[in-house]
Novice: 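Sharing a structure below in structure tokens format, with a few things to ask.
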Amino acid sequence: MALGAARQGGGEVDVELRSPVAHLCPALTEQLAAEHGYVIVPPFDDLDVIAGQGTVGLDISDEAVAAGLDIGTVLVPVSGGGLISGVAAALKLTHPGIRVVGVEPELAADAGESLRAGRRVTWPTERVSRTMADGLRMTTVGEHTFEHMRVFVDDIITVTEEEICSSVALLARHAGMIVEPSGAVTTAAYLYHERDLPAAGGYVAVISGGNVDPDLFELLRKEAPLPFQACRRRSKAEDEAEH
């Protein structure tokens with residue numbers, strides 16, 4: 001869908017399939033830029049890109065103030081870390097009391113592991129490729145983004161593939177939204193992981209991305225959503241049993 005939209009807008013698309021391995025992409029990008037004179041626009045690990053993503057955080061702040069909403073927690077998808085870095089910095093520097101929580105698939109949870117370890121952790125490409133949330137399959141966060149995350153992000157939690165599927169279906173049925181799996185992880189966190197989230201204030205889920213394969217979307221839309229209320233009760237019961 002993204003390639004088609006780019007072509008319809010008059011863009012020239014040069015698809016390179018020489019290597020699907022994520023860690024080789026920067027070298028291939030630099031090679032193509034040198035060969036063709038392209039300008040490289042970093043997808044996330046760039047201070048200007050991070051600052052641009054910060055406007056999402058400012059929009060959340062402005063709309064909350066205008067509507068008189070008390071926001072306690074903002075949920076943001078995490079891949080390379082550009083979006084959450086910008087959003088978290090903008091919110092924390094204007095509203096220090098707001099908590100910013102990242103969300104990623106449990107099958108591609110390198111960002112959360114990195115935050116807990118205090119250093120950038122890399123997951124193998126084969127491992128992160130298991131998740132259907134293809135926009136969140138980065139093997140590690142960026143250098144600049146990690147430093148932002150260490151300072152401004154409060155926590156990162158994970159969601160299952162089943163929870164992601166269910167959230168895509170719920171957003172389609174009840175909100176009329178076409179959301180790709182990567183963008184639905186924040187809704188999944190809110191619906192199925194209430195016990196993992198801060199209790200104070202309201203919640204904002206950043207839903208980023210509608211670039212979903214039409215056949216996959218139709219399949220997910222027809223799936224029966226997980227009973228999130230039952231899921232919450234079961235999770236709390238399991239948590240109490242562990243203690």
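We use all heavy atoms of the structure for the numbers below, so side chains are in, but hydrogens, waters and symmetry mates are not.
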Novice: For Val128 and Met138, work out which heavy atoms get closest and say how close.
Specialist: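 Of all heavy-atom pairs spanning Val128 and Met138, the closest is CG1-O, 3.9 Å.
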
Novice: With distance as the sole test, does Ser85 use its side chain to make a donor-acceptor pair with the main-chain N or O of Gly81 at under 3.5 Å?
Specialist: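 Checking the backbone N and O of Gly81 against the side chain of Ser85, a donor-acceptor pair under 3.5 Å is found.
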
Novice: Locate the shortest heavy-atom distance separating Val141 from Ser79; write the atom from each residue and the value.
Specialist: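 Reported closest heavy-atom pair: CG1-O, 3.6 Å.
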
Novice: Considering all heavy atoms of both residues, which atom of Arg137 and which atom of Thr131 are nearest to each other, and what is their separation?
Specialist: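 Closest approach of Arg137 to Thr131: NH2-O, 2.7 Å.
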
Novice: Please find the pair of heavy atoms, one from Gly183 and one from Val179, that lie closest to each other, and give the distance.
Specialist: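 Shortest heavy-atom separation between Gly183 and Val179 comes out as C-CG1, 3.7 Å.
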
Novice: Judged by modelled atom types alone, do Ser167 and Tyr190 share a side-chain donor-acceptor pair under 3.5 Å?
Specialist: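 No, no side-chain donor-acceptor contact under 3.5 Å.
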
Novice: Should the pair Arg116-Glu113 be classified as a salt bridge under the 4.0 Å nitrogen-to-oxygen rule?
Specialist: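 No, Arg116 and Glu113 are not salt-bridged.
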
Novice: Is the backbone N or O of Asn211 less than 3.5 Å from a side-chain atom of Glu180, with the two atoms forming a donor-acceptor pair by type?
Specialist: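 Such a contact is found between Glu180 side chain and Asn211 backbone.
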
Novice: Pro181 and side-chain contact (heavy atoms from CB on, under 4.5 Å): which single residue from Leu136, Leu220, Asp213 fits?
Specialist: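 Output: one option passes, namely Leu220.
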
Novice: Give me the atom names and distance for the closest heavy-atom approach of Phe44 to Gly80.
Specialist: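 Closest approach of Phe44 to Gly80: CD1-O, 3.4 Å.
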
Novice: Would you mind writing out the side-chain donor-acceptor pairs for residues 55-62 within the sub-3.5 Å range, not counting sequence neighbours?
Specialist:
unit_1: Thr55; atom_1: OG1; unit_2: Gly52; atom_2: O; d: 2.7
unit_1: Ser61; atom_1: OG; unit_2: His95; atom_2: NE2; d: 2.5

Novice: Please identify which of these residues, Leu75, Thr73, Leu197, Val153, meets the side-chain contact (heavy atoms from CB on, under 4.5 Å) condition with Arg99.
Specialist: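 Result: among Leu75, Thr73, Leu197, Val153, Thr73 is the only option passing the side-chain contact (heavy atoms from CB on, under 4.5 Å) with Arg99.
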
Novice: Which pair of non-hydrogen atoms, one from Gly112 and one from Glu104, has the smallest distance, and what is that distance?
Specialist: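 Nearest heavy atoms, Gly112 then Glu104: N-OE2, 2.7 Å.
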
